[in-house]
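Only heavy atoms go into these numbers, but all of them, side chains included; no hydrogens, no water, no symmetry mates. We count ligands from 1, going down the list as the structure has it; atoms in each ligand are counted the same way. Please read all numbers here as calculations on a predicted model, not as lab measurements.
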Amino acid sequence: MNKTTVLVTGGAGFIGSHLCDRLLSEGFRVICLDNLITGSLHNLRRSSGCNRFIFKKHNLEKYIAIKGKLDFVLHFASLASPADYLKFPIQTLNAGSLATYTTLDLAKKKRARYILASTSEVYGDPLVHPQREEYWGNVNPVGVRSCYDESKRFAEALTMAYHRVHKLNTSIIRIFNTYGPRMRINDGRAVPNFIHQALNNRPLSVYGRGRQTRSFCYIDDLIEGILRIMRSDKIGPLNLGNPKEFTILRLAKLVLKLTAGKGGITFKPLPQDDPRQRCPDITLVKKLFNWQPAIELGEGLKMTIEWFSKRKRFP
Ligand SMILES: NC(=O)c1ccc[n+]([C@@H]2O[C@H](COP(=O)([O-])OP(=O)(O)OC[C@H]3O[C@@H](n4cnc5c(N)ncnc54)[C@H](O)[C@@H]3O)[C@@H](O)[C@H]2O)c1
């Protein structure tokens with residue numbers, strides 16, 4: 001039996017729960033810590049049926065006590081969607097600072113490999129396109145989004161300090177927009193927002209003229225990339241995301257087509273500090289791990305729409 005034990009923080013959230021499922025399916029023991037601020041135990045229904053899985057409700061801002069050995073600590077807990085971090089800016093900063101400290105300290109005690117889920121938001125509104133890992137970013141440190149961007153930049157700095165001072169085996173993954181089943185219908189991100197509106201025949205809210213670009217990676221592709229990085233000894237930072245760039249307007253039209261939504265599109269004012277362009281350069285992960293997304297946007301959207309359509313009566 002595989003005795004390798006992985007701690008997943010934020011495991012009741014969108015990405016964390018898929019990560020728990022996949023780790024269990026590969027035979028790992030998984031401990032999930034989450035305070036359920038945005039996560040849900042529903043996301044863990046599959047994992048909970050496995051006797052190698054343990055869930056503990058815990059706020060990671062506080063000291064973590066875990067008995068026994070840990071081989072990996074995957075720190076995925078953070079408020080992550082603009083709607084959430086605008087509502088909980090202090091908890092967001094704490095997830096990048098205090099919770100990163102408690103999890104790094106635990107990894108140090110257990111001599112575990114530590115993986116930080118960082119974000120493309122560290123590049124801010126980028127002046128370099130597509131974004132390579134060497135780019136230092138263009139972030140407004142006092143804007144409304146700074147609670148997220150700066151908390152992740154701090155988390156990256158703290159992770160590197162533990163790596164340099166304590167020789168901790170660490171890695172930083174900069175995740176670009178990811179979508180799929182288990183996103184919350186009301187979390188404000190473009191994909192669930194559009195699908196929810198389209199399935200209810202409401203107009204799709206496009207901000208600005210919809211010319212801003214994003215790249216959309218299906219969850220299964222992302223999880224595959226995370227596992228390859230976890231099993232390696234690479235430090236990063238490493239971009240993971242889909243390098244195919246789409247305008248938000250094109251995404252809206254595709255969702256309308258796939259759902260046969262009848263509400264059309266409505267244009268709304270652009271939010272403050274909304275990045276105009278976002279696209280990963282994934283040359284490094286391609287070279288190191290032979291990783292690139294395999295699931296086309298249309299295919300991934302179909303699977304996501306199918307999942308959401310079973311929940312379309314949610315508010
Ligand atoms: N989804 C994306 O497109 C995306 C993109 C870039 C980076 N990320 C990063 O990936 C990680 C997961 O994102 P997600 O989309 O799954 O978000 P999510 O909101 O679905 O999941 C985050 C989880 O963290 C938990 N959490 C937050 N603060 C906590 C705390 N103090 N103690 C314990 N648990 C806490 C929440 O309850 C939730 O279950 C985050 O670190 C996020 O910054 C996600």
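When Tyr148, Phe76, Tyr85 are ranked by how near their heavy atoms come to atom 43 (O) of ligand 1, first place goes to Tyr148. Remark: among candidates Ile15, Asp34, Leu36, Asn35, the nearest residue to atom 4 (C) of ligand 1 is Ile15, based on non-hydrogen atoms. Here atom 13 (O) of ligand 1 lies nearest to Ala80 when heavy atoms of Gly11, Ser120, Gly39, Ala80 are compared.
Residue contact annotation: His58 has a non-hydrogen atom under 4.0 Å from ligand 1.
Within a 6.0 Å radius of CZ in Arg211, other residues, nucleotides and ligands contribute 12 heavy atoms or fewer. Shown here is Glu306, whose CD atom has no more than 12 heavy atoms of other residues, nucleotides or ligands within 6.0 Å. The local environment of OH in Tyr101 is sparse, with at most 12 non-hydrogen atoms from other residues, nucleotides or ligands closer than 6.0 Å.
The protein atom (non-hydrogen) at minimum distance from atom 2 (C) of ligand 1 is Arg189 NH1, 3.3 Å. The protein heavy atom nearest to atom 36 (C) of ligand 1 is Thr38 OG1, 3.2 Å. At the top of the distance list for atom 22 (C) of ligand 1, counting protein heavy atoms only, stands Ser78 O, 3.2 Å. For atom 21 (O) of ligand 1, the closest heavy atom belonging to the protein is Gly13 CA, 3.4 Å.
Residue-level proximity to ligand 1 for His75 is absent, since no heavy atom of it falls below 4.0 angstrom. Counting heavy atoms closer than 4.0 Å to ligand 1, residue Ile37 contributes atoms from both its backbone and its side chain. Contacts of Ala99 with ligand 1, taken as heavy-atom pairs under 4.0 Å, are absent altogether.
At distances below 3.5 Å, not a single donor-acceptor pair connects side-chain atoms of Thr178 with backbone N or O atoms of Tyr218.
At a cut-off of 3.5 Å, with distance as the only test, a side-chain donor of Asp84 or Ser81 sits close to an acceptor on the other residue. Checked by atom type, the side-chain pair Thr103/Tyr114 shows a donor-acceptor distance below 3.5 Å.
With salt bridges taken as basic N to acidic carboxylate O contacts below 4.0 Å, one links Glu150 and Arg153.
Close approach of ligand 1 to Ser118 (heavy-atom distance below 4.0 Å) involves ligand atoms 7 (C).
Checked by distance only, ligand 1 and Ile175 stay at 3.5 Å or farther apart across all their nitrogen or oxygen atoms.
Under the 4.5 Å side-chain criterion, counting only non-hydrogen atoms from C-beta, Arg214 is not in contact with Arg189.
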